[in-house]
Protein chains: 2
Amino acid sequence: MADSYHHGNLRQALIDAGIKIINESGEESLSLRKVAAECNVSHAAPYAHFNNKEELIEAIKSSVTDQFMEELEASVAECATAEEAILAMGRIYLTFFSRNPDYFVFLFGKQNINAHLQMNKDYKNDYPPFALLKRMYRLYLEEKGIEKSFEEQEIDLIKIWSMVHGMASIACMKGVKTSFKWNNPDERLLV
Amino acid sequence: MADSYHHGNLRQALIDAGIKIINESGEESLSLRKVAAECNVSHAAPYAHFNNKEELIEAIKSSVTDQFMEELEASVAECATAEEAILAMGRIYLTFFSRNPDYFVFLFGKQNINAHLQMNKDYKNDYPPFALLKRMYRLYLEEKGIEKSFEEQEIDLIKIWSMVHGMASIACMKGVKTSFKWNNPDERLLV
DNA sequence: CAACTAACTTGACAATGTAAAGATAGACGT
DNA sequence: ACGTCTATCTTTACATTGTCAAGTTAGTTG
């Protein structure tokens, strides 16, 4: 099955090869033909699995997002309270993208994420990490017995998300080392 | 001088044409050859002014950043206090990029901004808008008579910047309409 | 006025995305 | 078991693009 005419699992192999190339030489140097070559298939083979380059890229994004979500959920699972979980999420958000900044640019850089959302029916409406934050935030309100209007909740969520995302953005773009105070659980995200 | 062999001011014309193309059809469709065609010169003419495509793009970024800084400084100039000025900056940051989201992706999307900074000796160390915020923030501390350590100041600045940048990022990516509460000066950025 | 040089043109090449047409091999019904 | 079907892959071809090398033009300078 290694060098047969039919690859067997080309679709996944293409995604993996794409991730490898991005990690090694960045997104700019990711081309359909290189990905195909990496899998030892002809340059047009990917068109059996993806309608165009963008669809492959979207598939890669989904794969990376899955990986990201695994780390997020793993760290959340270890937390006793929702408050801890939210802080943990912030920490993972920063460490994950500090560890591989290329992913950040790749995921959030070019295209608007809306396109990515719409292509993934799985993501019903929210971006999975954001949906997780939302769940934890609602839990947090319950735990603390806090009552907030829907609008207030939305604003809080945007604030939290904006700050964490913005910090990751700056960290990835400017190479700022900002493990920040969030290693210290005393730091409060919720004002 | 319109159709003479020597264009006269091709460099600036290329930058303007680049901005026009980005506004009309996005960054992806910006090619050296289209830019050249837009200026009615041959496809290799840009190489008299830029060593490669990236250098042209950096020049365009600088041009857009200048435009951005003009708006920021204009709005800051109208403010009586530094506190107002900081809030005004936040508002301009959001409105400027909400008005033309393509600029946001173009400026902060692909490459790390470090490269852009290093190519512009004018930007000594800080990104001009950030440098402006820093000035306003220090002024704010003076006005209020607040004493903070250098590290505390840095953290405050990162917080403010992260949140505003993150919100702009989300607004531009997800199309979220988030003029937010910042139209209301009561909203506090400094915690 | 001759030499120089920056600005531009022309022609070429390799890399790339993509379409069209053909080849292959496994699955499926009879 | 055998023919058909169809998803998968190859081959060929083409337009777009970034970039280079060599030539051309025209203004500038000695």
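Every value quoted in this text rests on a predicted model; they were computed, and no experiment measured them. Residue numbers begin at 1 in each chain, while the letters A, B, ... track the order of the sequences.
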Margin query: If only side-chain N and O atoms count, and only distance matters, is there a donor-acceptor pair under 3.5 Å linking A:Tyr103 with A:Asn23?
Written below: yes
Check: Just how far, in rounded Å, is P of C:dC13 from CZ of B:Arg33?
Finding: 14 Å
Next item on the list: Let me know the distance between CG of B:Asn51 and C1' of D:dG18, rounded to the nearest Å.
Entry: 13 Å
Notebook entry, point to check: Who are the ring pair (Phe, Tyr, Trp, His ring centres under 6.0 Å) partners of A:Phe68, not counting sequence neighbours?
Noted result: A:Tyr93, A:Phe96, A:Phe97
Next item on the list: Would you mind telling me which residue lines up with the more 5' stretch of DNA chain C, B:Leu10 or A:Leu32, judged by nearest nucleotide?
Entry: B:Leu10
Item checked: Proximal nucleotide (of D:dG18, C:dA7, C:dT18) relative to the A:Lys53 side chain -> C:dT18
Next item on the list: Rounded to the nearest angstrom, tell me the gap between atom OH in B:Tyr47 and atom P in D:dA21.
Entry: 12 Å
Next item on the list: State, with a plain yes or no, whether a side-chain heavy atom of B:Lys61 is found less than 4.5 Å away from one of B:Glu58.
Entry: yes
Margin query: Could you tell me if the side chain of B:Ile15 sits less than 4.5 Å from the side chain of B:Phe50, heavy atoms only?
Written below: yes
Check: Which residues, if any, of residues 38-45 of chain A bring a heavy atom under 4.0 Å of DNA chain D?
Finding: A:Val41, A:Ser42, A:His43, A:Ala44, A:Ala45
Check: Do A:His165 and A:Phe130 have ring centroids that are under 6.0 Å from one another?
Finding: no
Note to self: Regarding A:Glu71 and A:Arg99, does a basic nitrogen lie under 4.0 Å from an acidic carboxylate oxygen?
What the structure shows: yes
Note to self: Once hydrogens and angles are ignored, does a donor-acceptor distance under 3.5 Å link the base of D:dT8 to the side chain of A:Arg11?
What the structure shows: no
Next item on the list: Kindly say if A:Ser31 contacts the phosphate of C:dT16, meaning a side-chain N or O under 4.0 Å from OP1 or OP2.
Entry: yes
